[in-house]
Amino acid sequence: MVLDILLVLIAIATIMLSWCSRLEAKDLFVKPYYKVLQDPQDKRIHEKEPCNRIGLVGVPWDWSTGGDPGARHAPRLLRDNIYASPDYSPSKGQLPCKPKDYGDIILYPRNWEKTKRIIREASRKLFEENKFTLFLGGDHSITGPILEGLLEVYDCVGLVMLDAHFDLRSISGGVTSGSWLYELYQTHRNRIKTVIIGIGEYSNPSYLANRAKELGISFYGVRDVWTRIEEIYRDLKDLKETCQVHYITLDIDHLDSTYAPGVNSPSSPGLHPRETIQILDYVLNNMNVKGADIVEIVPIKDNGNRTIRLASKLALYMLHGVII
Ligand SMILES: [Mn+2]
């Protein structure tokens, strides 16, 4: 009898002890943006407070891509990399906050007319609410309706475009993300001024260069970045004086395919990331940048996430540039 009671007491004590030493959920689970390293002082971007009037939105559209589609998957991967990054830059210091994430714009696959309208209206709302919005594409066709939304809020936009291509094509059929700028100039020619930097060697038909000249678009090839950078800065200064508001479109194919293999249309020789950052420094320090996009990344072609990693750092760099 005494032994029975003792056994019951031991059992109860064992249960209570195991109850007291059980692990709480916080000891068992970590939210996504996986942090393997258990360093409580290592705050990642997703753990920071949202910034005031700095927005971020995904535009997972790639149905305009004639070559290699897949850019619809880039916003998710860019977010993963942006949010999992630590917050310190040796040149800019600590990133004080994270952008307000609006999620993705609701798109209508294969229905470009409806999608274009939604992107334009979402863009207008974002530019009304924020002093800067970052758009994660998607193929390059999304920049057309984004700029139309921006032009509903501001009278004139100075466009800084880093791209290996002119995106001024006229096509007789099929789909392309290489005609949006020409379409935009059909309706808004007097309210937009553009400088294109990074045009590739033997990457475009010559009629597009003539068309750019006719439209008053300045453009610079990869070699021009090496040899005529002062002229590029002079042109950007003109752009600054012509329009009060500026926008950066980063077609990741302007980077050399060594650094950015995961794009619809890889380019080599292209710019070195150092050159891109130098140009971004000038634009972010001297111009009134209201928005930017990162487009044309195709994750399935991205060997070892190189392109996504580089592009997410460029995204953070631009965000940091407009927050300070
Ligand atoms: Mn492009």
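Along the sequence shown, residues are numbered consecutively beginning with 1. Just so you know, ligand 1 is whichever comes first in the structure, and atom 1 is the first atom listed for that ligand.
Cation-pi contact between Arg211 and Phe166: absent, since separation from the ring centre below 6.0 Å together with deviation from the ring axis within 45° is not met. Geometrically, Arg223 does not engage Trp226 in a cation-pi contact, judged by NZ or CZ lying under 6.0 Å from the ring centre and within 45° of the ring axis.
With salt bridges taken as basic N to acidic carboxylate O contacts below 4.0 Å, none links Arg117 and Glu113. Remark: Asp104 engages Arg79 in a salt bridge, criterion side-chain N to carboxylate O under 4.0 Å. The pair Arg234-Glu230 fails the salt-bridge criterion, with no side-chain N (NZ, NE, NH1 or NH2) lying under 4.0 Å from an Asp/Glu carboxylate O.
Ring-plane geometry between Phe127 and Tyr247 is classed as perpendicular, the angle between the planes exceeding 60 degrees on a 0 to 90 degree scale with a lower cut at 30.
Less than 2.8 Å away from the Mn ion (ligand 1), the protein contributes these N/O/S atoms: His140 ND1, Asp163 OD2, Asp167 OD2, Asp251 OD2.
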